Structure formats: structure tokens, C-alpha cells
K.L.:
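Below: one structure in C-alpha cells.
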Amino acid sequence: MDEKILEIKNLSIEYPISIGIVQAVKDVSLDLHRGEALGLVGESGCGKSTLGLSILNMVRPPGKIVSGKIVYRGKDILSMRDREILKIRGQNIAMVFQNPLTSLNPLFRIDRQFLETIQQHEPDVPKKDALRRAERILDALGIEQKRLYEYPHQLSGGMRQRIMIGLGLIMNPDIIIADEPTTSLDVIVEAGFIDLLNKLRKEFNLSIILITHNLGLVAEIADRIAVMYGGAIVEEGTAEQIYHDPLHPYTYGLINCVPNINMDQQELITMPGNPPDLVNPPPGCRFEDRCPYVMDICKEQFPPLLSHRDGQKSACWLYKEKEAAPWKS
Ligand code: SF4
């Protein structure tokens with residue numbers, strides 16, 4: 001897993017709106033390695049989906065990438081011409097969106113949607129070969145080949161989501177970005193979907209970026225997790241580090257919000273307060289008005305994301321002098 005295939009460097013994204021400018025993503029840096037599954041976790045509005053879209057330079061106007069680089073296999077995606085980026089979309093990096101009903105064309109059978117994807121990138125492939133390729137993908141997804149000749153409305157929600165993954169995989173990409181891919185699925189189908197993603201990852205040596213608010217889901221698949229809050233990454237580490245030894249008070253709060261069936265819990269623990277206003281964000285830490293450990297420096301200076309131990313990173317002033325998280329003492 002050593003080969004670095006994607007590098008996001010100091011990326012910032014802004015959205016001008018009538019009352020000001022939303023600082024949706026602030027100075028984010030992240031790496032992705034070959035065969036690695038990276039979980040991008042945070043509450044709604046934290047900037048995780050915007051960050052996912054930016055990887056394919058698909059931030060929706062009036063949103064704008066104002067600084068930074070996205071380097072895929074040594075080339076900056078943000079400085080590529082339209083023709084170059086169109087080749088990369090789908091062929092090298094594929095995106096799976098959260099609602100297959102709005103992503104699949106309801107008027108066309110599934111075979112046509114596979115054909116269009118393949119012929120967009122390889123116009124000379126004969127129809128027969130393209131269909132054979134689609135049938136093989138359906139086999140890998142555990143879907144009967146005859147389903148290829150049905151319309152989206154004839155398939156179940158879980159099957160449609162698997163078709164979306166199939167459309168993402170059909171060009172054998174290096175990277176799949178899955179944005180809340182299980183939101184519309186029930187828990188049983190969701191578990192099957194995650195097993196399938198893990199299987200395909202091994203089979204195709206895929207790198208995966210899984211964008212979700214669901215910490216339980218990310219635990220099933222991610223090697224590494226980046227936690228976002230208010231447009232910035234506040235903690236990054238292996239799944240083991242994030243779940244068992246979080247450093248940032250926000251990550252600790254998020255983990256506490258997850259119900260634990262091994263504990264006799266009468267009530268769910270919630271995190272008080274609301275995410276920050278990203279039009280007028282606080283000058284210091286964006287979590288300061290919800291943080292039980294807030295100090296003077298937190299209100300004045302934005303905490304940088306720094307490595308603390310074994311590569312685990314945290315953006316929190318608590319670790320300027322201390323090593324251990326305060327909830328451990
Ligand atoms: Fe809390 Fe300060 Fe750390 Fe922010 S920087 S999470 S306010 S202790």
C-alpha cells in the first residue's frame with residue numbers, strides 16, 4: 001500500500017452567497033495510497049462532499065477552488081484541460097453518489113447505461129464486447145446477468161446501488177469515491193454492500209474514499225480515517241487510532257454519540273451546540289463554542305493539523321504541551 005496515487009495539498013474552496021462567502025473547505029491536505037480505503041467522516045455541512053467533488057474538479061458553481069493542488073499520479077488535476085479531466089473521470093477515478101435513483105437514467109435499461117459509459121472512454125469497443133464486460137461486472141456484484149436488460153425501477157434499492165458501483169468499476173479505475181453510498185439502504189443490505197466493497201477492493205486493488213457521517217460504517221472498511229469539522233480536517237489516523245484513542249475533542253464526542261450494544265445505556269450521549277457559521281467562522285478553532293476543553297488560545301488562533309504520535313494527526317491546541325487526551329487523565 002506504499003504507492004501514493006492521490007495527494008491533496010492545502011486545498012481551500014469557497015462559495016459566494018448573498019450574505020457573504022462560505023469557507024466550505026479550509027486548507028485541507030490528504031494522501032491516498034494504492035489499495036487503501038480512506039474514510040472521510042463528519043456532520044452534514046462539514047465540507048466532506050465538496051472535498052470529494054473537488055477531486056474530479058466538479059465543485060458546483062458558484063463554488064470555487066481558491067487555492068491548493070490535487071495531484072493524481074504526479075499531475076495536478078486542477079490545471080488539466082477539460083479533455084484531460086474528462087478522460088480521468090470514470091476511467092481512472094470514479095464517483096458513486098448517494099441516491100442511485102437520481103444518478104441512473106430512468107428511461108434507459110441498465111445495459112444502455114453501461115454501454116454509454118464504456119463507449120464514452122473507448123468508442124471503438126464493439127457493442128458485444130462491451131456488454132460481455134458489463135455482464136462480468138454484474139457477476140462480480142452478485143447480480144443475475146438478465147438484470148442488465150431491465151430498467152432501474154425494476155430493481156431493488158440495494159441492486160440499484162450495486163449497479164452504481166458496477167458503473168464506477170466498469171472502466172477499472174484506480175480510485176472510487178463513494179459519497180454516502182448506503183444512505184438509501186436498510187441495515188441488512190448495507191452490510192452486504194460493505195462486504196461487496198471490501199471484496200471488490202481486494203479483487204481490483206482499488207483505492208476507496210468513503211464519504212459518510214456514519215462512523216459505524218466507516219469502521220467496517222477504512223484503513224485510515226480523516227475527521228472533518230467546519231470545513232477543516234481536525235483529526236487523521238488509522239481506524240484503530242481514531243476509534244480506540246482519539247485525540248481531538250470533536251472525534252471523542254462523535255464516538256461517544258455512537259450507541260454501544262455492550263453497555264447498559266439508557267440515553268444516547270449527544271454533542272451540544274451547532275456547527276460553526278462558515279460565512280463568519282471564528283478566527284480560532286472552529287469547534288471552540290462546543291468544546292469542553294476550550295482555552296484562550298483556541299479563540300484566537302486556528303490550530304494547525306500536526307502529527308502527534310505514530311502518524312496520528314490532530315488540529316487542537318491541547319497538544320501544544322500535553323501528549324495524552326484530557327479524558328484519559
Ligand atoms: Fe477544543 Fe481548543 Fe482543541 Fe479546539 S483547539 S478542540 S477549542 S481544545
Side-chain angles (χ1 to χ4, degrees), residues 8-14 20-30 38-51 67-68 211-216 218-219 222 224-258 268-329:
I8 300 173
K9 293 184 190 170
N10 306 105
L11 192 81
S12 293
I13 302 171
E14 292 181 352
I21 292 176
V22 178
Q23 296 175 24
V25 172
K26 182 176 164 66
D27 200 22
V28 164
S29 295
L30 265 182
L38 171 73
L40 203 51
V41 178
E43 291 166 282
S44 295
C46 71
K48 56 191 189 305
S49 292
T50 304
L51 180 60
S67 60
I211 299 171
T212 180
H213 64 279
N214 185 338
L215 266 173
V218 102
R224 210 152 46 84
I225 296 173
V227 180
M228 284 190 82
Y229 185 80
I233 291 183
V234 294
E235 181 154 7
E236 189 193 326
T238 62
E240 177 83 13
Q241 289 168 335
I242 298 290
Y243 284 98
H244 298 295
D245 206 358
L247 286 172
H248 197 279
Y250 176 64
T251 316
Y252 183 66
L254 267 189
I255 288 169
N256 272 340
C257 292
V258 178
L268 284 180
I269 301 165
T270 56
M271 214 184 307
N274 293 305
D277 170 7
L278 293 182
V279 176
N280 291 300
C285 174
R286 292 185 170 185
F287 189 57
E288 52 105 338
D289 67 343
R290 298 172 83 181
C291 180
Y293 309 101
V294 61
M295 303 169 285
D296 287 345
I297 188 174
C298 310
K299 296 176 189 256
E300 290 150 15
Q301 294 181 39
F302 187 83
L305 186 70
L306 299 174
S307 277
H308 291 281
R309 54 182 183 216
D310 302 326
Q312 187 172 1
K313 296 176 186 171
S314 172
C316 176
W317 290 119
L318 278 174
Y319 303 100
K320 207 168 163 221
E321 279 149 27
K322 296 179 191 176
E323 260 300 300
W327 46 86
K328 293 215 135 190
S329 54

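Order of listing sets the numbers, starting from 1, for every ligand and every atom in it. Predicted, not measured: the structure shown is a model, and the values here were computed from it.
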K.L.:
With side-chain contact (heavy atoms from CB on, under 4.5 Å) as the test, pick out the partner of Val218 among Leu38, Val227, Val41, Leu40.
P.N.:
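Of the listed residues Leu38, Val227, Val41, Leu40, the side-chain contact (heavy atoms from CB on, under 4.5 Å) partner of Val218 is Val41.
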K.L.:
Indicate yes or no for a side-chain donor-acceptor contact from Tyr243 to the backbone of Ala219 under 3.5 Å, with no hydrogens or angles considered.
P.N.:
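Yes, Tyr243 side chain to Ala219 backbone: donor-acceptor pair under 3.5 Å.
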K.L.:
What's the shortest distance from atom 3 (Fe) of ligand 1 to any protein heavy atom, and which residue and atom give it?
P.N.:
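Answer for atom 3 (Fe) of ligand 1: Cys316 SG, 2.3 Å.
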K.L.:
Any N/O/S of Cys291 under 2.8 Å from atom 1 (Fe) of ligand 1?
P.N.:
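Yes - counting backbone and side chain alike, Cys291 has an N, O or S atom under 2.8 Å.
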K.L.:
Is it true that Glu235 and Tyr252 share a donor-acceptor pair across their side chains at a distance under 3.5 Å?
P.N.:
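Glu235 and Tyr252 do not have a side-chain donor-acceptor pair below 3.5 Å.
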K.L.:
Assess Cys285: does it contribute an N, O or S atom lying under 2.8 Å from atom 4 (Fe) of ligand 1?
P.N.:
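Short answer: yes, at least one N, O or S atom is under the cut-off.
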K.L.:
Give the atoms of ligand 1, by number and element, whose distance to some non-hydrogen atom of His248 is under 4.0 Å.
P.N.:
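Within the 4.0 Å cut-off of His248, ligand 1 contributes 6 (S).
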K.L.:
What protein heavy atom lies closest to atom 2 (Fe) of ligand 1? Include the residue and the distance to one decimal.
P.N.:
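Atom 2 (Fe) of ligand 1 sits closest to the protein heavy atom Cys298 SG, 2.3 Å.
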K.L.:
NZ/Lys48 to CD1/Ile233 distance, rounded to the nearest 0.5 angstrom?
P.N.:
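Reported to 0.5 Å precision, the distance equals 12.5 Å.
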K.L.:
Counting from 1, what ligand 1 atoms have a heavy atom of Tyr293 closer than 4.0 Å?
P.N.:
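In order of numbering, the contacting atoms are 8 (S).
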K.L.:
Between Lys26 and Leu278, does a side chain to side chain contact (heavy atoms under 4.5 Å, CB included) hold up when you go through it step by step?
P.N.:
CA-CA 10 Å; Lys26 182 176 164 66; Leu278 293 182; over 6 Å; no
K.L.:
Which residue supplies the protein heavy atom nearest to atom 5 (S) of ligand 1, what is that atom called, and how far is it?
P.N.:
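So the nearest neighbour among protein heavy atoms is Trp317 N, 3.2 Å.
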K.L.:
In terms of the angle between their ring planes, are Phe287 and His248 parallel, tilted or perpendicular, with boundaries placed at 30° and 60°?
P.N.:
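Aromatic pair Phe287/His248 classed tilted.
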K.L.:
Out of all atoms in ligand 1, which are within 4.0 Å of some heavy atom of Pro249? Include the element for each.
P.N.:
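What qualifies from ligand 1 is 6 (S).
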